[in-house]
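Working notes, structure below.
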Amino acid sequence: QVQLVESGGGLVQAGGSLRLSCVASSRTFSVNAMGWFRQAPGKELEFVSAINGGGIVERYADSVTGRFTISRDNAKNTVYLQMNSLKPEDTAVYYCAADSAIYSGTPVDQNEYDYWGQGTQVTVSS
């Protein structure tokens, strides 16, 4: 069983920045894809970003491209989401997810991920 613990959410004004962190308990962290998803009130869960096990390949939703950056530190079993130029529409609960498959790339489908964190609230005020 893999545990994921997110942190870094909060309240920020539009145009501001936040960095989310997710620490994983996985022994195979360095070969597992990691993803970030978000869910706004009344909306479905949506893909935000993913990174492959080696940290070489990144993928982003169109809505965050150019503003968000995903990265990982395999020595610390941690994945990050740097969020810049935040907009009110970025307000959501952000979830970290881990794919248990080995070398699976950068999945965008939430069903490809096997483990999920508890979520961290990000609120962007206008």
Side-chain angles (χ1 to χ4, degrees):
Q1 185 73 14
V2 174
Q3 292 187 330
L4 303 174
V5 179
E6 301 111 330
S7 61
L11 173 64
V12 65
Q13 289 187 334
S17 299
L18 284 174
R19 188 177 81 156
L20 306 182
S21 300
C22 172
V23 180
S25 64
S26 171
R27 294 183 178 181
T28 60
F29 181 81
S30 64
V31 297
N32 299 132
M34 298 294 295
W36 287 97
F37 290 77
R38 67 186 181 186
Q39 187 167 28
K43 295 188 177 181
E44 294 184 351
L45 189 70
E46 68 169 341
F47 170 79
V48 175
S49 183
I51 189 167
N52 74 330
I56 303 300
V57 182
E58 304 166 17
R59 185 176 296 192
Y60 299 93
D62 290 344
S63 59
V64 306
T65 297
R67 300 187 297 121
F68 291 11
T69 302
I70 192 170
S71 62
R72 64 191 297 160
D73 185 339
N74 286 343
K76 297 181 178 179
N77 272 27
T78 302
V79 63
Y80 304 96
L81 186 68
Q82 177 67 44
M83 305 185 295
N84 298 329
S85 302
L86 283 161
K87 305 175 181 180
E89 51 264 43
D90 294 318
T91 295
V93 177
Y94 283 70
Y95 297 92
C96 170
D99 182 353
S100 64
I102 305 300
Y103 302 119
S104 61
T106 51
V108 300
D109 184 348
Q110 59 181 285
N111 296 309
E112 296 289 330
Y113 292 87
D114 304 288
Y115 303 101
W116 294 81
Q118 80 287 354
T120 185
Q121 177 70 47
V122 171
T123 302
V124 185
S125 63
S126 57

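Model, not experiment: these values are computed from the prediction.
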Only counting residues at least two apart or in another chain, list the ones meeting side chain to side chain contact (heavy atoms under 4.5 Å, CB included) with Ser30. Asn74

If you link ILVMFWY side chains whenever their heavy atoms are less than 4.5 Å apart, which other residues fall into the same cluster as Ile70? By chain and number, please. Val2, Leu4, Val12, Leu18, Leu20, Phe29, Met34, Trp36, Val48, Ile51, Tyr60, Val64, Phe68, Val79, Leu81, Met83, Leu86, Tyr94, Tyr115, Val122, Val124

According to side chain to side chain contact (heavy atoms under 4.5 Å, CB included), who are the partners of Asn111, at least two apart in sequence or on a separate chain? Asp109

Set of residues satisfying salt bridge (Lys or Arg N to Asp or Glu O under 4.0 Å) with respect to Arg67, sequence neighbours excluded: Asp90

Could you pull out all residues at least two apart from Ser26 that satisfy side chain to side chain donor-acceptor pair (under 3.5 Å)? Thr28, Asn32

Within the side chain of Asn77, is there an N or O that forms a donor-acceptor pair under 3.5 Å with the backbone of Ala24? yes

If you look only at pairs with a residue in residues 46-56, which of them pass as a side chain to side chain donor-acceptor pair (under 3.5 Å), with sequence neighbours excluded? Arg38-Glu46

Using a 4.5 Å cut-off between side-chain heavy atoms of Ile, Leu, Val, Met, Phe, Trp and Tyr, which other residues end up in the same hydrophobic cluster as Leu11? none

Of all residues at least two apart in sequence or in a different chain, which pass the side chain to side chain donor-acceptor pair (under 3.5 Å) check with Gln118? Glu6

Connected hydrophobic set around Leu45, excluding itself, where side chains approach under 4.5 Å: Phe37, Phe47, Val93, Tyr95, Val108, Tyr113, Trp116

Under the side chain to side chain donor-acceptor pair (under 3.5 Å) rule, collect the residues that match up with Gln121, sequence neighbours excluded. Thr123

Interatomic distance, OG1@Thr69 vs CZ@Arg19, rounded to 0.5 Å, equals 11.5 Å

By side chain to side chain donor-acceptor pair (under 3.5 Å), Asp99 pairs with (sequence neighbours left out) Ser104

Give me each pair satisfying disulfide (SG to SG under 2.5 Å) with a member in residues 50-85, each pair once, sequence neighbours excluded. none

Rounding to 0.5 Å, atoms OH (Tyr80) and CG (Asp73) come to a distance of 5.0 Å

